[in-house]
Amino acid sequence: MPFCSHTRIVCARTRRRLSISPEKRGGPEPRDLAPREDVGRPALKPGGIAERARAAMGIPAAPTRPSYLDGLNPEQREAVETLDGPVLVLAGAGTGKTRVLTTRIAHILSQGRAYPSQILAVTFTNKAAREMKERIHAMVGDTVEGMPWLGTFHSIGVRILRRHHELVGLKSGFTILDTDDQLRLLKQLIAAEEIDEKRWPARMLASAIDGWKNRGLTPEQVPAGEGAAFANGRGQMLYAAYQARLKALNAVDFGDLLLEGIRLFRENPDVLAEYHRKFKYILVDEYQDTNVAQYLWLRLLAQGSRNVCCVGDDDQSIYGWRGAEVDNILRFESDFPGAKVIRLERNYRSTGHILAAASHLIAFNEGRLGKTLFSEGEKGEKVTVTGAWDSGEEARAIGDEIEALQRAGHALSQIAILVRASFQMREFEDRFVTLGLNYRVIGGPRFYERAEIRDALAYLRCVISPADDLAFERIVNVPKRGVGDAAIKQIRDVARAAGVPLMEATRLLTESEELKPKLRSTLRGFVQSFERWREQAENMKHTELAEVVLDESGYTEMWQKDRSAEAAGRLENLKELVRSMEGFENLSGFLEHISLVMDVDSGAGDDAVQIMTLHSAKGLEFDTVFLPGWEEGLFPHQRALDEQGKAGLEEERRLAYVGITRARASARVYFASNRRIHGMWNSTVPSRFLDELPDTHVDVQESKGGFGWGGTTGGYGGGNSYGASRFDNPAPFASSYATPGWQRAQNARNESGGTKGGFGGSGGGYGGSRRGGPVIEGTLIAASTGAPSAFSAGERVFHIKFGYGEITAIDGNKLTVLFEKAGEKRVLESFVEKV
DNA sequence: AACGAAGCGTTTTTT
DNA sequence: ACGCTTCGTT
């Protein structure tokens with residue numbers, strides 16, 4: 001059940017019991033509601049929304065200052081009360097961003113500035129939308145139920161497209177493809193073009209198309225060079241073909257939810273004007289994560305009232321790799337002239353040392369809008385940095401510390417381990433199982449992505465919409481019915497010839513004489529089953545129907561017969577699926593919901609340590625945060641450096657910033673001197689980020705195992721342990737630079753400096769050879785900052801591994817080169833030299 | 001259709 | 001090193 005629809009709630013603030021009947025929710029949609037000019041004290045319509053909102057908040061109608069403003073600091077209040085014109089709220093970590101956003105909405109409502117249905121409030125994730133809704137509910141009660149335009153970009157995008165589907169060439173009830181469907185479709189297109197799928201995998205095309213859509217580009221708008229990068233110049237054509245196929249299937253993918261919206265608004269000014277009139281106020285959460293498409297979509301809508309309020313933190317932009325444009329936030333003032341920029345810099349979350357350490361670290365980034373966070377709280381614990389011999393010891397040390405915290409009465413749920421990459425989690429899981437410590441891994445494969453769930457959903461989709469070809473293809477031979485590739489091809493041919501969906505084509509085929517008797521009866525039974533289910537759907541509860549479908553199709557039986565270890569879990573998941581349908585009115589409502597909401601509420605559960613990636617920790621906070629794996633190559637990640645250069649490094653640094661600022665009272669950083677990557681042990685170099693932490697706010701600890709950096713092994717020279725020396729030395733950074741590891745790193749950097757291609761000669765990347773230590777990127781950062789390529793097609797180049805060749809295509813910093821000996825390869829620009 | 005061999009990728013993740 | 005997907009064989 002996504003949102004509870006209480007009719008009786010208790011207002012947290014006033015402890016008063018409120019009753020609002022469902023039919024009174026929301027309020028009427030006025031045809032013409034002129035903006036009120038009397039800012040200070042709007043006239044209240046008797047029984048109007050504002051009065052109800054006030055009543056819900058326990059605020060007397062008398063002209064006293066609304067109590068929800070109490071406890072806001074001056075900047076927060078300004079952000080809440082500046083209702084006219086564009087506002088950019090730069091909200092640092094832990095500065096009360098969500099509170100501002102929700103209070104602002106409450107304020108708009110209580111001031112009678114707009115009806116709930118006239119506020120557009122967008123978030124990125126369903127979770128954020130849910131939270132926002134809950135918090136608004138706590139302030140204004142059930143008035144929030146009248147806000148249909150509070151949601152994710154995509155859910156609002158669908159809502160708009162559903163209303164105007166005919167204007168963008170879609171029929172009503174269009175479906176939203178998931179990534180599986182998308183891939184299957186692209187594979188077909190690639191095969192139809194007789195392109196070698198090995199060389200040009202569908203995934204690659206999918207990500208290219210995704211990237212274009214993120215940038216708001218339709219097939220015609222794709223820059224010629226980029227469109228040609230896939231499959232020898234056919235990328236753009238394939239994108240166009242894909243869009244055509246989507247239209248034919250009456251389907252859209254996630255990117256289209258925004259892209260088609262943009263097209264709708266551009267081609268139909270009257271429709272756009274309607275939304276301009278509608279949305280009196282627009283609020284955007286996590287603005288730093290918007291991509292170009294979202295930005296364009298938003299800008300079109302915001303041209304109406306211009307009362308747009310974006311909240312974000314450029315220092316927490318960590319999704320550049322999936323199309324987020326920090327530029328959007330950096331550019332806000334020029335996009336919305338006259339915008340008011342409000343900085344929230346007072347941090348309510350972390351203690352002094354933690355905040356100071358994070359601020360110092362993030363200051364190494366260039367191109368920030370710049371904020372100086374401060375808190376008036378206690379200085380608290382210093383950030384600790386601990387070196388471990390290897391990842392196993394790192395896990396052991398953290399396990400020990402957690403046990404100590406637990407003994408001291410700390411709740412495990414207030415402890416988190418934030419890793420850079422998910423493979424790091426395993427070591428902790430192993431260790432915690434041994435210790436008998438409760439833990440929970442956040443993230444990972446999600447419920448609706450599991451094969452059995454997708455299969456089940458495909459069955460249901462076929463029942464609901466007989467024309468859903470992709471769902472049909474998914475399940476026509478699951479469980480195995482003897483419908484092989486040949487049969488499917490035959491069905492497809494008939495479908496194409498007759499211009500009908502696959503399901504219908506199958507029916508036609510079974511009425512002809514073209515199939516072998518056995519196959520014919522199988523398929524007839526298959527089609528008839530769906531016809532029967534469709535009839536039953538009329539007067540059967542949808543959960544019941546789902547059970548019938550899964551049983552009669554033999555799908556449940558398939559897993560019951562399966563004796564593999566996961567089968568039981570899969571059956572359990574199917575039951576869970578049916579259970580989760582109960583919260584919905586009907587099947588199509590459920591299907592729509594899950595196509596947009598791919599997560600399922602994992603109950604708060606019992607007290608457990610949270611293990612997750614740094615990315616999924618954004619927006620969360622914990623008393624104690626462990627940050628393991630601060631080593632060059634892992635964090636900052638080598639690939640971020642290779643592929644994005646300086647921009648990548650800065651994004652990694654923001655990730656470090658996000659990590660530290662998750663901690664309320666204690667942040668504990670770790671690095672291991674040795675780590676196994678892809679099965680090979682590599683010695684590592686401590687992360688440069690460690691040296692960007694200010695000495696005065698950091699405590700360097702000896703690892704419990706007695707191994708610091710270098711130390712007793714002899715292999716690293718007779719230096720002090722990393723910990724002790726740094727701790728003893730008051731001068732910032734001096735001691736860590738004195739460690740053997742750093743010196744080697746420095747040397748490696750200097751040696752590789754100057755010559756392009758010096759990096760990676762020895763097989764490169766993270767790790768490198770054991771004796772020489774890891775190879776550090778040096779010139780690469782400068783070499784690949786997203787500037788246009790220094791190379792051009794047709795040029796002759798030399799590659800250290802593949803020899804001489806000629807450039808055939810360029811894609812960012814990746815070159816396609818036809819080598820004389822090695823054939824055509826895709827290589828990083830930095831690995832070749834001009835000759 | 002079922003099995004084993006071979007090949008590939010292996011940062012982060014939402015909708 | 002490992003696990004997952006894909007391919008080719010039986």
Side-chain angles (χ1 to χ4, degrees), chain A residues 122-129 151-159 176-183 187 197-199 201-204 207 210 213-214 252-259 261 285-286 289-291 293-294 297 317-324 418-426 442-446 448-449 451 477-487 558 562 592-599 612-619 629 633-644 648 651-652 654-656 658-659 675-682 765-767:
Chain A
V122 275
T123 63
F124 275 85
T125 63
N126 293 294
K127 192 169 158 229
T152 62
F153 275 99
H154 294 87
S155 65
I156 290 167
V158 183
R159 203 187 179 88
I176 303 162
L177 296 198
D178 61 31
T179 31
D180 263 19
D181 296 332
Q182 212 178 346
L183 229 45
K187 273 190 186 148
E197 228 243 85
K198 285 244 184 62
R199 201 121 88 78
R203 306 192 142 279
M204 196 191 258
S207 71
D210 220 46
K213 290 193 172 180
N214 282 339
V252 292
D253 64 15
F254 280 113
D256 288 338
L257 296 179
L258 294 162
L259 217 51
D285 192 16
E286 305 277 21
D289 288 338
T290 48
N291 60 37
Q294 286 155 342
W297 185 89
S317 162
I318 55 175
Y319 286 110
W321 52 274
R322 65 175 197 213
L418 310 183
V419 298
R420 176 62 183 82
S422 37
F423 76 85
Q424 292 173 263
M425 293 178 176
R426 194 151 160 199
I442 312 287
R446 284 167 302 165
Y448 292 115
E449 279 168 9
N477 200 30
V478 178
K480 297 272 191 299
R481 310 187 161 84
V483 184
D485 287 346
M558 177 181 97
D562 189 318
E592 169 90 8
H593 174 79
I594 53 154
S595 63
L596 292 170
V597 182
M598 294 296 276
D599 63 340
M612 67 188 91
T613 63
L614 286 159
H615 284 89
S616 39
K618 193 171 74 156
L634 177 58
F635 191 37
H637 200 281
Q638 191 62 48
R639 255 179 98 159
L641 302 177
D642 288 351
E643 287 168 15
Q644 304 291 327
E651 183 153 311
E652 295 286 297
R654 289 193 290 270
L655 207 44
V658 167
R675 189 175 293 277
R676 197 163 48 176
I677 302 276
H678 313 323
M680 277 227 306
W681 282 99
N682 287 107
Y766 173 37

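Computed from a predicted model, the values in this text were never measured in an experiment. Throughout, a chain's letter reflects where its sequence line sits, starting with A, and its residues are numbered from 1. Note: hydrogens, waters and symmetry copies are ignored here, and every other heavy atom, side chains too, is used.
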Touch class at under 4.0 angstrom, heavy-atom based, for A:Arg446 against every strand present: base
Near-parallel close stack of A:His678 and B:dT10 base (under 5.5 Å, under 30°): yes
Rounded distance (Å) that lies between atom C1' of B:dC8 and atom CD of A:Glu197: 14 Å
Nearest-Å distance for atom pair OH/P, residues A:Tyr319 and B:dT12: 11 Å
Below 4.0 Å: OP1/OP2 of B:dT11 and any side-chain N or O of A:Thr613: no
5' priority, DNA chain B, between A:Ile318 and A:Leu596 [closest heavy atom]: A:Ile318
Which atom of A:Ile176 lies closest to which atom of A:Val158, heavy atoms considered: CD1-CG2, 3.9 Å
Any donor-acceptor pair under 3.5 Å from A:Asn477 side chain to A:Gly482 backbone: yes
Sugar-phosphate, base or nothing in reach of A:Gly482, heavy atoms under 4.0 Å: sugar-phosphate
Phosphate-side-chain proximity, A:Asn126 and B:dT14, N/O vs OP1/OP2 below 4.0 Å: no
Qualifying residues under side-chain contact (heavy atoms from CB on, under 4.5 Å), relative to A:Asn214, sequence neighbours excluded: A:Asp210, A:Asn291
Summary of protein contacts for nucleotides 5-10 of chain C, nucleotide by nucleotide, where a base hit scores B, a sugar-phosphate-only hit scores S (4.0 Å, heavy atoms): -S----
Rounded distance (nearest 0.5 Å) linking atom CD of A:Glu643 with atom CD of A:Gln638: 10.0 Å
Under 3.5 Å donor-acceptor, A:His154 side chain and A:Leu596 backbone: no
Proximity to the side chain of A:Arg420 - top-ranked nucleotide from B:dT13, B:dA1, B:dT11: B:dT11
Value in whole Å for how far the P atom of B:dT13 lies from CZ of A:Phe423: 13 Å
Between C:dA1 (P) and A:Asn682 (CG): distance, integer Å: 13 Å
Between B:dT12 (P) and A:Met612 (CE): distance, integer Å: 15 Å
Interatomic distance, A:Phe124 CZ vs B:dT15 C1' [rounded to whole Å]: 10 Å
Listed nucleotide nearest any side-chain atom of A:Trp321, set B:dT11, B:dT15, B:dT12: B:dT12
Close aromatic pair by centroid cut-off 6.0 Å: A:His637 and A:Trp321: no
Between B:dT14 (P) and A:Asp210 (CG): distance, integer Å: 14 Å
Base of B:dT15 and ring of A:His154 stacked, centres under 5.5 Å, planes under 30°: no
A:Arg322, nearest nucleotide to its side chain (from B:dA1, B:dT10, B:dT14): B:dT14
P gap between B:dT13 and C:dC2, integer Å: 24 Å
Watson-Crick or G-U stems involving DNA chain B, each at least 3 pairs long, distances under 3.5 Å, ordered by first number: B:1-10 with C:1-10
Close side-chain approach of A:Leu258 and A:Lys213, heavy atoms under 4.5 Å: no
Residue pair A:Gly659 / A:Leu418: nearest heavy atoms and the distance that separates them: O-CD1, 4.1 Å
Comparing A:Asn477 and A:Ser595 on DNA chain B - which has the more 5′ nearest nucleotide: A:Asn477
Polar side-chain atom of A:Glu286 near backbone of A:Thr123 as donor-acceptor pair, under 3.5 Å: no
Touch class at under 4.0 angstrom, heavy-atom based, for A:Ser422 against every strand present: sugar-phosphate
Whole-Å distance separating the CG atom of A:Asp289 from the P atom of B:dT15: 12 Å
Student check: side-chain heavy atoms of A:Gln644 and A:Glu651 closer than 4.5 Å: no
Test item: A:Asp253 side-chain N/O and A:Leu177 main-chain N/O as donor-acceptor pair under 3.5 Å: no
